[in-house]
Amino acid sequence: MRTLNNRLVLMKMRRLFEFLILTLFIVIIFTISSKWTSITTTTVTDTSKHLNIKITPFPINSYLPQDKSINSNDNIIIKNSNNNDPSSSLAKYIHLDLKGAPPQADKFYENFFNFIDKLQMGVKGIVIEYEDMLPLQGKLANTTHRFSYSKSDIQLIQTSAKTHQLDVIPLIQTFGHLEWLLKLQPYELYRDDLSLPMVITPCLNTTYILLEDLLTQTLDMHPFSNVIHIGCDEVVLTNSHPQCRETSMDIPERYVDHVKRVVKIIRKIRPAMRILIWDDVIRGDQFILNEKLLEELKGLVEPVAWNYRPTFEESYISSPIWNIYSKLFSNTWAASAFKGGLNRYSMQTNTSHHVLNNYAWLQFIQASSAQKTSSFSAIILTGWSRFDHFMPLTDLLPTAYQSLVSSLYTINTGKIIYNDYMNDCDGLMNSIGKDSQLCQSLPGLSIWSGISSLALSLAQIEDRLTFLHTVSPSYNRKHRFVRHYELDSRLNELQMLQSDLLTMTQLLNRHLSELYSLDIVDEWFDLYLSPVLGRINTTLIEFSSARNQSSWPRRPLI
């Protein structure tokens with residue numbers, strides 16, 4: 001009995017010992033785990049605090065490289081680590097392209113300039129690409145848009161800009177992109193290629209008489225401007241005009257000679273004028289390999305280097321042209337985009353694409369300044385409305401307010417902050433530390449929210465249309481061999497969405513008409529709504545016959 005008791009005591013002691021060992025082991029594991037978690041958390045917190053990055057998973061955006069996509073549901077803030085930031089002295093300009101959806105002058109400019117002024121983001125001026133919207137007179141009186149601005153409209157723009165301390169830089173194409181003029185029958189003989197109304201020939205003396213008339217009237221309407229942009233981008237010069245045969249000159253030489261003659265005209269009208277020129281032609285190999293030819297433009301123009309991509313190619317970054325520019329020109333300008341530089345058809349502005357483009361420019365400018373390979377004095381945030389005179393309308397300006405504000409914020413701070421504020425100007429202002437009351441002065445704010453809502457509705461309609469063609473493909477419809485209950489429910493949904501779409505369309509039509517002329521409203525609806533409404537009607541008609549079938553044959557159906 002004693003032996004049994006002793007054994008029981010020993011068993012209890014062993015179990016107690018094992019329990020103590022297990023407890024100690026758990027305590028040790030817990031302690032190590034806690035310390036490791038603390039170290040990891042501290043490291044991540046410190047790193048995040050240093051870089052100011054909120055790390056979030058985000059989906060792939062098909063418009064952008066995979067590693068640059070942005071989640072529209074999360075803020076992403078990237079803080080630039082470069083302390084020697086040249087962006088503080090970088091003059092910022094906003095480009096307004098009037099060859100597509102020019103706003104009514106009395107409804108737009110004062111309010112927009114007031115907003116830019118109060119935004120306090122260092123915008124120095126506005127570059128206005130008038131194209132055919134100037135109220136030209138004399139021989140050019142019948143060349144312009146039939147709803148062009150009046151002289152009082154141009155005066156209003158000048159006065160409003162001056163009130164809000166904004167410079168106005170008129171942009172007048174003087175070589176390529178003269179479709180608005182050369183498309184007209186009286187000016188066919190001015191074309192470089194007689195079959196194409198894109199480029200004006202540099203081989204006629206009358207070309208320069210015509211350009212002098214255009215530039216004189218433009219500058220007369222801009223008495224306060226001391227900078228003009230003469231375009232000259234995307235010039236596909238063929239030298240094929242019959243008159244070109246009289247003088248032997250290759251295409252690069254002809255290009256430089258034309259620019260020099262245009263500069264001479266401007267200096268004759270206003271001697272102290274600074275002259276900007278797009279750089280895509282002069283950064284080509286024919287100029288890089290013939291620097292002496294480019295030297296002929298020294299002291300005459302200031303190149304504006306444009307790139308609208310979210311990341312810059314290495315060949316662009318390392319091009320020898322930057323060193324050439326820094327040697328030849330007193331100022332080099334950059335040009336990013338806040339709208340219209342992505343797709344030919346675009347109902348809404350892709351903010352993430354344009355913000356990343358501006359961030360890429362900021363990085364390039366900083367790196368160039370640090371390495372002393374080039375120096376940029378200003379940046380123009382371009383806002384294209386068409387790819388050219390013959391192309392469709394891209395995203396309307398009010399849909400680009402988010403992109404414009406976010407891009408300016410990036411250039412000023414070195415940070416990217418993006419959120420899906422498609423309908424929420426107040427939230428956008430709050431996210432960048434600005435007063436949401438600023439939104440009240442934005443012209444066309446209801447257009448921004450209206451198109452955003454419309455885009456969501458169109459996405460739902462597209463989803464239903466796609467699904468209907470899986471429920472009832474053409475073969476099934478031909479034989480009226482369809483599942484009724486699914487077809488009926490989807491068609492009913494489509495009809496309800498159609499009704500909602502028509503209601504939104506009426507409201508949006510009213511808002512668009514407050515800012516744009518009827519021809520712009522008509523074009524926009526025809527581009528972005530009429531095709532969808534047509535598809536809905538066609539679908540409802542094509543699918544209706546299959547709805548009425550009450551009995552079906554045995555297979556096969558042929």
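Quantities reported herein were computed from a predicted structural model and do not represent experimental measurements.
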Checking side-chain polar atoms at under 3.5 Å, does [X] have a donor or acceptor matched by the opposite partner on [Y]?
{"X": "T238", "Y": "D193", "result": "no"}
{"X": "N350", "Y": "S352", "result": "yes"}
{"X": "H389", "Y": "K183", "result": "yes"}
{"X": "W361", "Y": "N307", "result": "no"}
{"X": "N111", "Y": "S441", "result": "no"}
{"X": "N537", "Y": "Q498", "result": "yes"}
{"X": "N358", "Y": "T410", "result": "no"}

Roughly how far apart are M133 CE and T144 OG1, rounded to 0.5 Å?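 So the CE of M133 and the OG1 of T144 are separated by 8.5 Å.
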How far does CD1 of I126 sit from OG of S160, to the nearest 0.5 angstrom?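 Between atom CD1 of I126 and atom OG of S160 there are 11.0 Å.
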How would you list all residue pairs meeting salt bridge (charged side-chain N to carboxylate O under 4.0 Å, His left out) that involve residues 384-394, not counting sequence neighbours?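 Every pair satisfying salt bridge (charged side-chain N to carboxylate O under 4.0 Å, His left out) with a residue in residues 384-394: R386-E523.
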Give a yes or no answer on whether the side chain of [X] reaches the backbone of [Y] with a donor-acceptor pair at less than 3.5 Å.
{"X": "S449", "Y": "S446", "result": "yes"}
{"X": "S472", "Y": "H469", "result": "no"}
{"X": "W552", "Y": "H479", "result": "no"}
{"X": "N492", "Y": "D488", "result": "yes"}
{"X": "S406", "Y": "S403", "result": "no"}
{"X": "S148", "Y": "H145", "result": "yes"}
{"X": "T399", "Y": "L396", "result": "yes"}
{"X": "D280", "Y": "E234", "result": "yes"}

Identify the heavy atoms of [X] and [Y] that sit nearest to each other, and give their distance.
{"X": "K92", "Y": "L408", "answer": "CD-CD2, 4.3 Å"}
{"X": "L362", "Y": "G414", "answer": "CD2-CA, 3.4 Å"}
{"X": "F175", "Y": "C232", "answer": "CB-SG, 3.9 Å"}
{"X": "Y528", "Y": "T394", "answer": "OH-CA, 3.9 Å"}
{"X": "Y308", "Y": "A335", "answer": "CE2-O, 3.6 Å"}
{"X": "G176", "Y": "V235", "answer": "N-CG2, 3.7 Å"}

Do [X] and [Y] have side chains that approach each other closer than 4.5 Å (heavy atoms only, starting at C-beta)?
{"X": "I172", "Y": "I230", "answer": "no"}
{"X": "L404", "Y": "F115", "answer": "no"}
{"X": "W524", "Y": "L512", "answer": "yes"}
{"X": "D233", "Y": "Q173", "answer": "yes"}
{"X": "L393", "Y": "I520", "answer": "yes"}
{"X": "P170", "Y": "I128", "answer": "no"}
{"X": "K339", "Y": "S385", "answer": "yes"}
{"X": "L428", "Y": "Q402", "answer": "yes"}

Passing candidate, side-chain contact (heavy atoms from CB on, under 4.5 Å) with V355, options I417, I411, I416: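 For V355, the side-chain contact (heavy atoms from CB on, under 4.5 Å) test succeeds with only one of I417, I411, I416, which is I416.
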Option from L533, V532, D526, L527 for which side-chain contact (heavy atoms from CB on, under 4.5 Å) with S530 holds: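 Result for side-chain contact (heavy atoms from CB on, under 4.5 Å) with S530: D526.
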Go through the steps to decide whether S336 and T382 satisfy the test side-chain contact (heavy atoms from CB on, under 4.5 Å), and finish with yes or no. CA-CA 6 Å; S336 61; T382 60; over 6 Å; no
Steps toward side-chain contact (heavy atoms from CB on, under 4.5 Å) verdict (E188, L194): CA-CA 7 Å; E188 285 181 305; L194 297 180; over 6 Å; no
Return yes when atom OH of Y345 has more than 12 non-hydrogen atoms of other residues, nucleotides or ligands closer than 6.0 Å, and no otherwise.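 Not buried by this count: 12 neighbours or fewer within 6.0 Å.
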Tell me if the CG atom of N142 is crowded by more than 12 foreign heavy atoms within 6.0 Å.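 For N142, atom CG is not crowded (no more than 12 foreign heavy atoms under 6.0 Å).
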Might you work through the side-chain hydrogen bond (donor to acceptor under 3.5 Å, both in side chains) test for Q366 and Q363, ending with a clear yes or no? CA-CA 5 Å; Q366 289 174 334; Q363 289 180 307; over 6 Å; no
Assert yes or no for the condition that the ring centre distance of [X] to [Y] is strictly below 6.0 Å.
{"X": "H95", "Y": "W384", "result": "yes"}
{"X": "F338", "Y": "H353", "result": "no"}
{"X": "Y187", "Y": "W180", "result": "no"}

Side chain to side chain contact (heavy atoms under 4.5 Å, CB included) against S150, all qualifying residues, sequence neighbours excluded: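 With neighbours one apart ignored, the set is S152, D153.
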May I have the step-by-step check of side-chain contact (heavy atoms from CB on, under 4.5 Å) for H177 and W278, ending in yes or no? CA-CA 12 Å; H177 283 301; W278 295 121; over 6 Å; no
N/O donor-acceptor pairs under 3.5 Å from side chains in residues 500-510, not counting sequence neighbours:
{"unit_1": "T503", "atom_1": "OG1", "unit_2": "S499", "atom_2": "O", "d": "3.2"}
{"unit_1": "T505", "atom_1": "OG1", "unit_2": "L501", "atom_2": "O", "d": "2.7"}

For W306, is the NZ or CZ atom of R283 found under 6.0 angstrom from the centre of its six-membered ring and inside 45 degrees of the ring axis? yes
Checking side-chain contact (heavy atoms from CB on, under 4.5 Å) for the pair D285/I288: CA distance, chi angles, key distance, verdict? CA-CA 5 Å; D285 288 343; I288 292 175; 4.3 Å; yes
Scan E179, E129, E131 and name whichever one has a salt bridge (Lys or Arg N to Asp or Glu O under 4.0 Å) with K99.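 Checked E179, E129, E131 against K99; only one passes salt bridge (Lys or Arg N to Asp or Glu O under 4.0 Å): E129.
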